[in-house]
Q: 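Below is the structure I would like to discuss, written out as structure tokens.
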Amino acid sequence: MTQEARKKILVTERDDGVRSLFQRVLSNRGYEVETADRGESGLQHYRQFSPDLITTSMRLNSDGAGGIEQGVMAASSTPCVCEKKVTKDL
């Protein structure tokens, strides 16, 4: 990807390790990545960063991720990918 064609992705994830992994992988693939650890701060980053895509964890809903999803849906057509973590052994 050329510098001017870089797409921007906002990663909203509470888990430091997962957030870091997303940032590293996406950056290595040529995306400009911004991260936030909570839904509410994710909404602030969204407004400042104007990403092309948002990833968020379903776990964040208990402390505000619903705010980022609802805020984004109301404000624009930015796609939002919600990830669900499975913590129970199968």
Side-chain angles (χ1 to χ4, degrees):
M1 266 183 211
T2 62
Q3 185 69 17
E4 56 273 4
R6 289 179 65 182
K7 297 290 185 175
K8 299 191 294 186
I9 300 177
L10 173 61
V11 176
T12 305
E13 170 60 55
R14 183 186 318 186
D15 184 295
D16 292 339
V18 173
R19 192 172 58 247
S20 177
L21 177 65
F22 268 85
Q23 183 174 28
R24 188 172 51 251
V25 169
L26 293 169
S27 293
N28 286 343
R29 298 209 184 258
Y31 296 99
E32 184 178 348
V33 181
E34 182 80 22
T35 64
D37 66 349
R38 299 256 190 268
E40 191 172 309
S41 67
L43 190 54
Q44 292 171 346
H45 281 286
Y46 166 76
R47 290 180 180 132
Q48 295 169 353
F49 185 56
S50 299
D52 298 298
L53 177 73
I54 297 167
T55 68
T56 188
S57 172
M58 297 295 281
R59 287 188 318 190
L60 287 172
N61 284 336
S62 65
D63 73 335
I68 189 171
E69 293 147 2
Q70 292 170 2
V72 168
M73 288 179 184
S76 75
S77 60
T78 303
C80 186
V81 177
C82 296
E83 59 178 276
K84 172 103 169 96
K85 292 182 179 49
V86 178
T87 57
K88 183 178 177 183
D89 291 332
L90 299 176

Q: Treating Arg19 as the side-chain partner and Thr12 as the backbone partner, does any N or O pair qualify as donor plus acceptor under 3.5 Å?
A: no
Q: Closest heavy-atom contact between Thr78 and Pro51?
A: CG2-O, 3.5 Å
Q: Roughly how far, to the nearest 0.5 Å, is CD1 of Ile9 from CG of Leu26?
A: 4.5 Å
Q: Could you tell me the separation between the OH atom of Tyr31 and the CZ atom of Arg6, rounded to the nearest 0.5 Å?
A: 11.0 Å
Q: Hey, what do you get for CD (Glu32) to NZ (Lys7), rounding to the nearest 0.5 Å?
A: 12.0 Å
Q: Taking atom OG1 of Thr35 and atom CZ of Phe22, what is their separation to the nearest 0.5 Å?
A: 12.0 Å
Q: Same cluster or not: are Val81 and Leu21 linked, directly or through other Ile, Leu, Val, Met, Phe, Trp or Tyr residues, by side-chain heavy atoms under 4.5 angstrom apart?
A: no
Q: Just by modelled atom types, is the Asp16 backbone N or O under 3.5 Å from a matching donor or acceptor in the Ser20 side chain?
A: no
Q: With rounding to the nearest 0.5 Å, note down the distance linking CD1 in Ile54 to CD in Glu34.
A: 11.5 Å
Q: Using every non-hydrogen atom in the two residues, find where Leu10 and Phe49 come nearest and quote the distance to one decimal.
A: N-CE2, 4.2 Å
Q: Quick check: does any side chain N or O of Asp52 sit under 3.5 Å from a backbone N or O of Lys8, one acting as donor and the other as acceptor?
A: yes
Q: Judged by atom type as modelled, is there a donor-acceptor pair below 3.5 Å linking the side chain of Arg14 to the main-chain atoms of Asp37?
A: no
